[in-house]
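In what follows, every heavy atom counts, from backbone to side chain, and hydrogens, waters and symmetry copies are set aside. Just so it is clear, the model here is predicted, and its values are computed rather than measured.
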Amino acid sequence: KGKVWIDGSWDGYKFLGEEYYSDNYSLVCISDVTDIRDEIIEDFVIANDSIMVKDSNGYLWICGNRNDILTMQGFGTDSYNYNKFRRVSSAYFGGAKVDKIMSNCDDTGNYRSIATVIDEYGRVWIWGYGNNGSLGNGATENNSTPICISDGETEKLYGTQITDIDFSYNGYYSAFRTVALDSEGRIWTWGGKSEYGESGSANRDYIKEPKILDVTYDAHLEYNLKFSKVFISDQNKGYFAIDEDGKLWSWGENSYGRLGYGRSTNNRVDVPTIVDIPGSPKMKKVASIYGTSLFLSEDGRVYICGSYYT
């Protein structure tokens with residue numbers, strides 16, 4: 001029915017209204033008690049102390065702590081907190097409808113967070129913590145309102161339709177790193193420093209603007225492969241992609257064998273490389289945190305590799 005439920009035991013910012021504030025320890029349908037009661041919700045994301053939801057009409061709604069950069073004063077409020085859901089004007093996204101939403105945050109309580117909207121035209125709108133190129137606009141400043149990194153001929157993503165996106169926070173470089181997929185099946189990345197081949201090459205520079213990956217199969221032959229899904233590990237040291245044939249690729253830091261190649265003395269995998277999985281199943285999804293990775297195949301099998309300490 002497109003309704004959203006939340007555990008009411010954590011509600012310091014009154015997402016649920018006064019009647020549920022901090023003393024409800026069961027699931028509560030926030031669609032019934034907030035301003036989204038008349039909306040069919042298709043997706044939601046949480047970062048730090050904020051919630052974003054996308055309704056069936058392509059509008060974005062936000063609620064939460066204004067200190068979280070997702071809901072800072074850039075969206076036009078003077079109150080300290082958003083104690084109820086508010087619909088974000090489509091003017092913030094050039095008048096376009098919202099197609100996909102994504103957010104992430106650090107886990108230190110410093111309110112470093114980032115949010116991304118892909119609009120109906122495949123343009124990327126991004127806002128939040130901007131250090132070390134996190135926003136992909138070539139700068140390092142925070143932005144409390146969405147900026148489009150797909151508009152204008154000077155933008156690296158100009159004329160490119162983005163269909164999928166994922167990102168994660170790296171505390172060592174104090175930056176968010178993003179991996180994105182375009183409509184032609186090409187992979188882009190930006191944010192932070194490419195210490196372990198995160199840029200898909202031996203380049204060790206900071207990536208402050210979107211960079212397309214040159215996918216190399218071996219030392220002599222390059223393929224223009226088409227990918228269908230992209231994933232990034234927690235702490236963003238490992239990258240994964242599934243191509244249109246269901247094959248799994250990975251690159252980045254291979255500590256504990258997290259990338260699926262087994263352990264080796266060389267932890268850097270500079271270019272996306274096929275992961276050899278017994279039986280060559282078609283893959284569907286990836287989840288990776290710290291030193292452990294899990295892969296889900298289309299036939300419902302789960303594969304695991306990496307550190308057993310996780």
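Between V179 and I187, some side-chain heavy-atom pair lies under the 4.5 Å cut-off. Using a 4.5 Å heavy-atom cutoff, the side chains of I277 and M283 are in contact. Side-chain contact check for P146 versus V117: every heavy-atom pair is 4.5 Å or farther apart. Y59 has its side chain out of reach of V88: every pair of non-hydrogen atoms, C-beta onward, lies at least 4.5 Å apart. The closest side-chain heavy-atom distance from W127 to I147 is not below 4.5 Å.
Judged by distance alone, with hydrogens and angles left aside, the side-chain atoms of N142 form a donor-acceptor pair with the main-chain N or O of G130 at under 3.5 Å.
Cluster note: I304 groups with L294, L296, V302 through ILVMFWY side-chain heavy atoms spaced under 4.5 Å, whether in direct contact or through intervening members.
By the neighbour-count criterion of 12 heavy atoms within 6.0 Å, atom CG of D276 is sparsely surrounded, having that number or fewer from other residues, nucleotides or ligands.
Judged as a side chain to side chain contact (heavy atoms under 4.5 Å, CB included), and not counting sequence neighbours, the contacts of Q161 are S183. Contacts of A287 classified as side chain to side chain contact (heavy atoms under 4.5 Å, CB included), with partners at least two apart in sequence or in another chain: none. The side chain to side chain contact (heavy atoms under 4.5 Å, CB included) check on S89 picks up A91, Y92, with sequence neighbours excluded. Under the rule for a salt bridge (Lys or Arg N to Asp or Glu O under 4.0 Å), K285 has no partner lying at least two apart in sequence or in another chain. Contacts of Y261 classified as side-chain hydrogen bond (donor to acceptor under 3.5 Å, both in side chains), with partners at least two apart in sequence or in another chain: S250. A search for side-chain hydrogen bond (donor to acceptor under 3.5 Å, both in side chains) contacts involving D243 returns W249, not counting sequence neighbours. Residues satisfying the side-chain hydrogen bond (donor to acceptor under 3.5 Å, both in side chains) test with D299, not counting sequence neighbours, are S297. For E244, the side chain to side chain contact (heavy atoms under 4.5 Å, CB included) partners two or more places apart in sequence, or in a different chain, are K226. Checked against salt bridge (Lys or Arg N to Asp or Glu O under 4.0 Å), E298 has no partners two or more places apart in sequence or in another chain. Under the rule for a salt bridge (Lys or Arg N to Asp or Glu O under 4.0 Å), D164 has no partner lying at least two apart in sequence or in another chain. Residues that satisfy the side-chain hydrogen bond (donor to acceptor under 3.5 Å, both in side chains) test with D55, not counting sequence neighbours, are W61.
When each of F240, F231, Y303 is checked for a ring-ring contact (aromatic ring centres under 6.0 Å, His included) with F295, only F240 meets the rule.
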(request) Could you check R37 against S31 for side-chain contact (heavy atoms from CB on, under 4.5 Å), going step by step and ending with a plain yes or no? (result) CA-CA 4 Å; R37 62 175 55 89; S31 295; 5.7 Å; no
(request) List the steps and the verdict of side-chain contact (heavy atoms from CB on, under 4.5 Å) for W188 and T160. (result) CA-CA 11 Å; W188 299 75; T160 300; 4.0 Å; yes
(request) Walk me through it: do T163 and D182 pass the test side-chain contact (heavy atoms from CB on, under 4.5 Å)? (result) CA-CA 5 Å; T163 59; D182 68 23; 5.9 Å; no
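In this structure, S134 and W190 approach most closely via the heavy-atom pair O-NE1, 3.5 Å.
Under 4.0 Å is where a charged nitrogen must lie from a carboxylate oxygen, and between K54 and E42 at least one such pair does.
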